[in-house]
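Notes to accompany the following structure.
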Protein chains: 2
Amino acid sequence: MPRGVPAKLFPPHLPGLRQEQGPLHRQLYERLRQAILTGVIPPRSRLPSTRTLAANLGVSRNTVEQAFAQLDAEGLLERRVGSGSMVALPEHARPPDGPVRAPTGRAELAPPLRARGRRVAELPLSAAPSGLLPLTPCMPALDAFPLSLWRRSLQRQSRQTGTQLLSYGETAGWRPLREAVAAHVGTSRGVRCDWRQVLIVTSTQQALDLVARLLLEEGDAVWMEEPGYLGARTAFSATGARLVPVPVDEEGLRVDEGLSRAPKARLAYVTPSYQYPLGLTMSLARRLALLEWARASGAWVVEDDYDSEFRYTSRPIAALQGLGDTGRVLYVGTFNKVMFPSLRLAYLVVPEPLVEPFLRAKSLADGHTALLSQAAMADFMERGHFTAHLRQMRLLYAERRQALLDALRREAGDSLQPVGSVEAGMHVTVKLAGRADDVALVQRAASRGLDTRPLSAHYLGPKRSSGLVLGFSGVDPAALRSAAASLASLL
Amino acid sequence: MPRGVPAKLFPPHLPGLRQEQGPLHRQLYERLRQAILTGVIPPRSRLPSTRTLAANLGVSRNTVEQAFAQLDAEGLLERRVGSGSMVALPEHARPPDGPVRAPTGRAELAPPLRARGRRVAELPLSAAPSGLLPLTPCMPALDAFPLSLWRRSLQRQSRQTGTQLLSYGETAGWRPLREAVAAHVGTSRGVRCDWRQVLIVTSTQQALDLVARLLLEEGDAVWMEEPGYLGARTAFSATGARLVPVPVDEEGLRVDEGLSRAPKARLAYVTPSYQYPLGLTMSLARRLALLEWARASGAWVVEDDYDSEFRYTSRPIAALQGLGDTGRVLYVGTFNKVMFPSLRLAYLVVPEPLVEPFLRAKSLADGHTALLSQAAMADFMERGHFTAHLRQMRLLYAERRQALLDALRREAGDSLQPVGSVEAGMHVTVKLAGRADDVALVQRAASRGLDTRPLSAHYLGPKRSSGLVLGFSGVDPAALRSAAASLASLL
DNA sequence: CGATTTGTCTATATACATTTG
DNA sequence: ACAAATGTATATAGACAAATC
């Protein structure tokens, strides 16, 4: 017969169980678990019945039952109706040794990475997630996000679709979301596509990575806006492509310069709606010239429409993709900025013949994108919450943009000159007078809790302007004003 | 202003609610549901608060709350904290598909992909997600997944952590999850690591892709188990590595064969706990030999522990990673099989000097992994639900495995010979007598709704055995029996 | 047979956080 | 500021079926 447990383990009204220490059933569970694992209650010994233990402890049977059930589920107890509960034999001996020995490989030399690996390992590590520091570029107004509506979409989907949402998803994405995206970019951005051309990915970064891996070979030339978006550089340079800086003027990318510097480039990466970081809009003439070059030379155009939904005065400019022949343009958009960064949903619209190759690339990279977030996003869009949120953010950001500009003018006067006249985006770029060291300034700003980016870091070539990229979308006007004051005091 | 509901609908002590007619909350739910659907309570009318209704009916608020919550879940009610509950407008059918314009780029020729791109574009497209067809390998028992517990973890996290979960996440993963994974693989798999060595990724596929991109150069030789896992092939071959098939015998990978075929290989990919697809366990001698080779030649060992948690009789074998020097071993595990496929969470444990390079690679590939699922997973583990679920699945799969084997023996006799004696995994592989064409058999099986894989497809070299890989984890014993009968009738 | 025990279900009370008007 | 409402969590009480001894 199994022995009973020493009575002293369960004195009446066990003094250790207290309201303040969290749920009673959890405390009891933890305590029993420790006792079993450390052998204080030996294997095969019988525990008191839930009723008697409950009575002894002065708690309800349900409380004890919950603790026992949890232990049973984890295999620490064997319970049988009628015969009671007893401690199970250890299922698997604890691993060779519990305490983690210092990994012996530690003393080794740094691993010898070679060409491709080094290329990846030497990429800049993107800035640490800096919480809610003011001025972070591309940080949405998280406090204004309609979290409860989003949760409802999540909940609704997690209930309704049941096991369909648990199983493997299609590589291209959840079909209702692809349809919703196709409708959205069609009506609000003028992108011409069928839902079958829409691929759901996790981020702009993943989209660009897939593009690079599929369309670029080592040594291929790629037109990059100068100055331009840093994230795009890492994606293209990791494949060994040759990045060709093509200057940007007030009409956007200088196609003529691109033609003279690298006429045979395989790909051009552009942000025509609201150029990053200068905030210009590409002119119609330049757009047509770019498309014509791509058509004639068989190159690809990657249109990153990352910020396009945010335009505050004039109507949004239609996407490049919808302008002419769509056969050479890959359109990239993201939900991570309009919704929230950790959502991890973006989309890629590719010409029909590229759909299959891209599916394989996506399948290679990570199989498919998580389903629940996709289904919730589709639901959120179908119910109109997305459009509503977008509208609200437009109003909010317009206000914040103005607040930042006003504060900068008041505090810093002419020493910080805003670039670009388009009222759009989630950031403004300001130029520093003369050859001021913007990198040093950014560092000094960081020490005051301001998360800004140096304009000069966005250049590939040696000719760099000095300035700051300031995000205004993430925090409220009051914080923007104090940030501007703090910044001005550093000048 | 929304009108109130006619008072007579809710007289005090509503006489219709009786103990004998089933649960009170259910009766209340049914009654309200009928009233709403028939229009007795018109849309947009406000319901009494749960408290007052509970008082009027003489029941507890929880009872009313349950009924309301159910109605809310079905979309019949719109509830808002503070403002009360009102009847929702009937949902309209989904908006019709937008007018699908024919994409103009359609007539173009197939795009001219070149070397790298072709390598990616010619990868096999993984089998379409085939729903719940019987015998699908690696398909978990989704009907047995504790969905309500999981939803609670999701909800709890989406509330508690608030905006922290919305912002950018760390590239390496959500810290509590990294810690939970380190603890789990440490105690239950004998992996020796610090939580800082744990990287959260979306899938085994992504883990292998990162490994390939960081550690392999074009032309590098890689030892692959022969036969072996198909997914691993695509990851490594996409980088242009040379895949060297190394045969597997009853002790696992033939290290001596690897040494003679490609002594200078840069990497070996192995599934030591439960070899895919043959279901063997690698012997201690082989493990030590493999580690010794890696140490001496500076090669990497990738241990894919995809199936290891499922062992049905003997104790789980500790991981290769914990055996000796951990400096050359990269350990890969996944939650997508123990939990559910669309979760998209897996992990990679790398030697300390590789942590930084891998962070950059992950950052390049997709920035970081979605936060909510990570936080929910950590919560699920901390509460012991993960261990409990794992244990339950072990019992369930052991039963299903036996059911499939019994049915196969009964229906097919000797014509389908199960391979391997280890009672583990989520599939069994059976050999076909002689040189039977397993690919054709798989196709015929597919036409009967059976989702199996040909063993011969898992070979790189010309010497192939003919057989079938049969998953037993996804469906219940009855379905397995009828699948076995159906399969036998095709022989 | 009858007492005991687990395991599950229903209902209640209560506390507390959050949001709304 | 304040009251009212929802929404979540914890604990209790009691009933009953099924298994065990």
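Every chain is numbered from 1, with letters handed out A, B, ... down the list of sequences.
Between the P atom of D:dT6 and the CZ atom of B:Phe68 lies a distance of 7 Å, rounded to the nearest Å. What separates CG of A:Leu77 from C1' of C:dT5 is a distance of 14 Å, to the nearest Å. Across the protein-nucleic acid pair, A:Arg151 atom CZ and C:dT18 atom C1' stand 10 Å apart, rounded to whole Å. At whole-Å resolution of the value, CZ in B:Arg79 and P in D:dG7 are 4 Å apart.
The pairing partner recorded for D:dA1 is none, the criterion being a Watson-Crick or G-U wobble arrangement whose two distances lie under 3.5 angstrom.
Taking only side-chain atoms of A:Pro23, from C-beta outward, the nucleotide of C:dA11, D:dT8, D:dT10 with the closest atom is D:dT10. Side-chain atoms of A:Ser49 lie closest to C:dT5 of the nucleotides C:dT5, D:dT6, C:dA11.
Evaluation of the side-chain hydrogen bond (donor to acceptor under 3.5 Å, both in side chains) rule for B:Ser373 yields no partner, not counting sequence neighbours. Applying the side-chain contact (heavy atoms from CB on, under 4.5 Å) test to A:Thr50 and every residue at least two apart in sequence or in another chain returns A:Arg61, A:Val64, A:Glu65, A:Phe68, A:Arg79. For B:Ser83, the side-chain contact (heavy atoms from CB on, under 4.5 Å) partners at least two apart in sequence or on another chain are B:Arg80.
Under the ring pair (Phe, Tyr, Trp, His ring centres under 6.0 Å) rule, A:Phe340 has a single partner from A:Phe380, A:Phe145, A:Phe335, which is A:Phe145.
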Let me check something: any side-chain donor-acceptor pairs from residues 32-40 of chain B under 3.5 Å, sequence neighbours excluded? List them with distances.
from, atom 1, to, atom 2, distance (Å)
B:Arg33, NE, B:Tyr29, OH, 3.4
B:Arg33, NE, B:Glu74, OE1, 3.3
B:Thr38, OG1, B:Gln34, O, 2.7
B:Thr38, OG1, B:Ala35, O, 3.4

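Applying the salt bridge (charged side-chain N to carboxylate O under 4.0 Å, His left out) test to every pair with at least one member in residues 47-56 of chain A, sequence neighbours left out, gives no pairs at all.
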Any chance you could list the contact pattern along nucleotides 14-21 of chain D? Use B for base contacts, S for sugar-phosphate-only contacts and - for none, protein heavy atoms under 4.0 Å, 5' to 3'.
BBB-BBSS
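Residue B:Gly84 is the one, among B:Gly84 and B:Arg152, whose nearest nucleotide of DNA chain D lies closer to the 5' end (criterion: closest heavy atom).
For A:Ser85, no side-chain nitrogen or oxygen approaches OP1 or OP2 of C:dT5 to under 4.0 Å. Between A:Ser60 and the phosphate of D:dA11, there is no side-chain N or O to OP1/OP2 separation shorter than 4.0 Å.
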